[in-house]
Amino acid sequence: EVVYSPDAIPPLSIFSQAVKSRGHVYVSGCIGCDSEYLVVEGGIQGQTRMALENISKILEASGSSMRHAVKVTIYLVHMASDFLAMNEIYKQFFTRETMPACTCIGVSALPIGAFIEIDCVAEIPDTNSS
């Protein structure tokens, strides 16, 4: 099932924001841009915050949340200089008890000149069991 959140950055026509399957939601890669597809100000920290806020909105629309994220993949253009600054923002979106598994990969370029792209997989909690 394709997920669409009107509150999140609209996807390009060849992508869905996310797809739900078998109790999980798979969120497409999000970069730190606004609804006009312009990279936000604030360097790596501004872009990280915007990407994670967008992911959070998509997860909420799918019936999940950041606390249910199980795997996050981060793509960084400037790994050496941006890794620590990115993590300062990243850790604000998760608690120690709900920190998902994470992989961070250095890449040569991302769409529209972004410094970061983030995707994730999250569980969709069973609302019938509560």
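All figures in this text were calculated on a predicted structure; none of them were measured in a lab.
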Does the side chain of V3 reach to within under 4.5 Å of the side chain of V19, using non-hydrogen atoms?
no
Can you check side-chain contact (heavy atoms from CB on, under 4.5 Å) on M79 and C104, steps first, answer last?
CA-CA 9 Å; M79 178 72 80; C104 190; 3.7 Å; yes
Under the 3.5 angstrom rule, does the side chain of S64 hit a backbone N or O of E123 as a donor-acceptor pair?
yes
Show your reasoning for whether side-chain contact (heavy atoms from CB on, under 4.5 Å) applies to H78 and I44.
CA-CA 9 Å; H78 306 292; I44 190 61; over 6 Å; no
With respect to Q17, which candidate in C30, S62, S5 satisfies the side-chain contact (heavy atoms from CB on, under 4.5 Å) definition?
S5
Inspect the surroundings of NZ in K71 and state if more than 12 heavy atoms from other residues, nucleotides or ligands are less than 6.0 Å away.
yes
Mind running side-chain contact (heavy atoms from CB on, under 4.5 Å) on I74 and I118 for me, showing each step along the way?
CA-CA 5 Å; I74 301 168; I118 306 173; 4.2 Å; yes
Of all heavy-atom pairs linking F94 and P100, the shortest is CD2-CD, 3.5 Å
Pairwise distance CG(L76) to CG(L110) - rounded to 0.5 angstrom:
8.5 Å
Calculate, to the nearest 0.5 Å, the distance between atoms CG and CZ belonging to L59 and R67 respectively.
12.0 Å
Distance in Å, F83 CZ paired with I116 CD1, rounded so as to fall on 0.5 Å steps:
10.5 Å
Taking S28 for the side chain and S16 for the main chain, is one N or O donor matched with an acceptor at less than 3.5 Å?
yes
Let me check something: do M86 and M99 share a hydrophobic cluster, defined by ILVMFWY side-chain heavy atoms less than 4.5 Å apart, either directly or through other members?
yes
Which atom of N54 lies closest to which atom of A8, heavy atoms considered
OD1-CB, 3.0 Å
Is it the case that the side chain of E41 and the backbone of G46 share a donor-acceptor pair, with hydrogens and angles ignored and the cut-off at 3.5 Å?
no
Minimum heavy-atom distance M66-I55, with the two atoms named:
SD-CG2, 3.9 Å
If the test is side-chain contact (heavy atoms from CB on, under 4.5 Å), which one of I31, D82, V40, L52 qualifies with Q47?
V40
Is a side-chain donor or acceptor of Y37 paired with a backbone partner of P10 at a separation under 3.5 angstrom?
yes
Check the pair F115, T48 against side-chain contact (heavy atoms from CB on, under 4.5 Å), reporting the backbone distance first and the verdict last.
CA-CA 9 Å; F115 298 154; T48 301; over 6 Å; no
Not counting sequence neighbours, list each pair that qualifies as a salt bridge (Lys or Arg N to Asp or Glu O under 4.0 Å) and has a residue in residues 11-31.
E1-K20
Just checking Q92: does its CD atom have more than 12 heavy atoms from other residues, nucleotides or ligands closer to it than 6.0 angstrom?
yes
